[in-house]
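The basis for the numbers below is simple: all heavy atoms, side chains too, and nothing from hydrogens, waters or symmetry mates. Read the numbers this way: they start at 1 and go in the same order the structure lists the ligands and their atoms. Counting from 1, the numbers follow the sequence of the chain as shown.
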Amino acid sequence: MDLNWENRLSRMANNRIHGSIFSDLGAIEKKYKPVCLSIGEPATDFFPLEDMRVFFNAICDRRDLFGYYPYHAGFTALREWIVTWMHNDGIVPSWVTSQNIVLTNGSQQALSYISDLLVDEETCVAVEAPSYVEALRTFRRAGAKFVEIETDENGIIPESFENVCKEFNPSILYTIPNFQNPSGSVAPIDRRNTILDIANKYDVVIIEDDPYRYVSFVDSLPQTYIGLANENKRVIYLGSFSKLIAPGIRCGWMVLPSPIVGKMLELRNTIEMSLPAPMQFVVSEFCLNINIHSYLLKIQNYYKKRCNYLISSLDKYMVPSGLKINYPTGGLFVWSQMPGIKDDVDFVKYAIKNYGVSVMPGSIFYSKPGQGMDTLRFSFARIDEETAEEGCRRLALAYDNYIMDSEKIKNEERRSVIYE
Ligand code: PMP
């Protein structure tokens with residue numbers, strides 16, 4: 001007799017893990033093979049594999065990498081390299097040593113660990129609206145109750161954060177201060193200071209998720225929250241090599257205040273004992289042997305070029321139709337608002353099926369349903385000049401025809417949206 005697995009699922013699996021729009025769109029994309037303006041992952045030829053080959057070969061000479069225990073918090077040399085790098089950049093306070101660094105399988109795993117450690121059922125987590133969808137899903141899995149903070153092109157609006165604190169008393173603020181996913185916003189220094197003051201006043205822990213920091217097209221960025229907080233140890237900082245080397249290496253890190261390091265490592269025991277040290281060894285050797293400044297410059301140029309391709313094609317094809325876009329100064333994303341689109345998911349499906357172009361619907365980045373239904377997120381991570389041009393040309397056609405096909409929109413409105 002076949003087991004009824006649905007009845008065996010935990011309440012968590014049943015109630016808090018649901019299918020995502022990504023699976024839906026993924027299935028449609030597989031069928032229609034659209035020009036892709038949605039994926040936040042670079043083309044594979046970007047990955048520095050030739051430069052890493054020698055370090056992959058060297059793994060086999062290092063038997064110490066293959067045990068469970070020696071590298072519980074992660075490969076020591078890499079933790080040391082990270083801490084030196086962050087100090088050289090001046091982004092962490094002096095109390096941060098390699099003892100405060102715990103390596104993870106990417107920031108996503110860090111978010112999962114933090115959820116396990118700090119989020120109970122009904123724990124109130126304040127999030128940017130919009131925010132990184134997989135972080136929302138991870139906190140939700142742990143039972144979080146979300147409160148949304150209003151944002152603009154400069155990230156969190158401090159007054160909104162204060163109101164949220166007064167009314168809901170959140171215990172955590174989750175924020176992506178640099179080149180936010182999905183909006184691309186960067187929070188300026190005065191806002192960061194005010195937000196930190198509010199976090200102090202209302203005793204809120206800040207999770208600072210910073211995977212795009214080094215994908216920057218500007219000379220300098222405002223100080224990190226963890227740096228600003230200094231001796232006030234209420235910030236957990238997350239970094240990642242996904243955008244610097246490759247997402248598939250699954251390598252990131254958390255900077256943790258000392259009192260929670262031990263608990264985090266105990267948690268690791270219950271999950272996975274340790275992480276693949278051979279991979280961390282390769283990352284460590286790579287970092288130790290490159291000139292990080294010129295390497296970062298190369299990455300920044302790679303993405304900047306792609307950003308410009310996308311922006312100029314959007315300017316050419318979509319902006320005349322009324323699309324409002326941000327002009328990012330780093331990261332991977334262009335956030336946009338489309339007048340006339342009332343159901344972004346429906347529009348995206350229409351565009352894939354009928355015009356062979358895909359973008360990311362913006363509403364999925366909100367913790368509460370029914371918001372951002374006229375927004376779209378573009379990614380320039382893997383496009384070249386040709387795909388940007390062709391993708392935007394197709395999208396403009398999709399947009400015009402979607403608007404005209406839509407029975408919900410009156411004739412006059414159509415005219416003003418398309419031709420004004
Ligand atoms: N945080 C943010 C804001 C992200 O956009 C992503 C993925 N792109 C992650 C965390 C997870 O990244 P990774 O696990 O690859 O480090």
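- Salt-bridge check for Lys349 with Asp344: failed, with every basic side-chain N at 4.0 Å or more from each acidic carboxylate O.
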Enumerate, one pair per line, all nitrogen or oxygen atoms of ligand 1 lying under 3.5 Å from a protein nitrogen or oxygen, stating the separation to 0.1 Å; write 'none' if no such pair exists.
from, atom 1, to, atom 2, distance (Å)
ligand 1, 1 (N), Asp209, OD2, 2.6
ligand 1, 5 (O), Asn181, ND2, 2.8
ligand 1, 5 (O), Tyr212, OH, 2.5
ligand 1, 8 (N), Tyr212, OH, 3.2
ligand 1, 8 (N), Lys243, NZ, 3.0
ligand 1, 14 (O), Ser107, N, 3.1
ligand 1, 14 (O), Gln108, N, 2.9
ligand 1, 14 (O), Arg250, NH2, 2.7
ligand 1, 15 (O), Ser242, OG, 2.6
ligand 1, 15 (O), Arg250, NH1, 2.9
ligand 1, 16 (O), Ser107, N, 2.8
ligand 1, 16 (O), Ser240, OG, 2.6
ligand 1, 16 (O), Ser242, OG, 3.3

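- Between Tyr302 and Phe46, the two ring planes are tilted [angle within 30° to 60°].
- Sorted by first and then second residue, the ring pair (Phe, Tyr, Trp, His ring centres under 6.0 Å) pairs with a member in residues 237-285 read Phe75-Phe281, Phe241-Trp253; sequence neighbours excluded.
- Side-chain contact, Asn200 with Arg234: a donor N or O sits under 3.5 Å from an acceptor N or O.
- Shown are Ile207, Ile226, Ile172, Leu117; of these, the side chain to side chain contact (heavy atoms under 4.5 Å, CB included) with Ile236 is made only by Ile207.
- Between Tyr212 and Phe333, the ring planes are perpendicular. Angles over 60° get that label, and only those under 30° would be called parallel.
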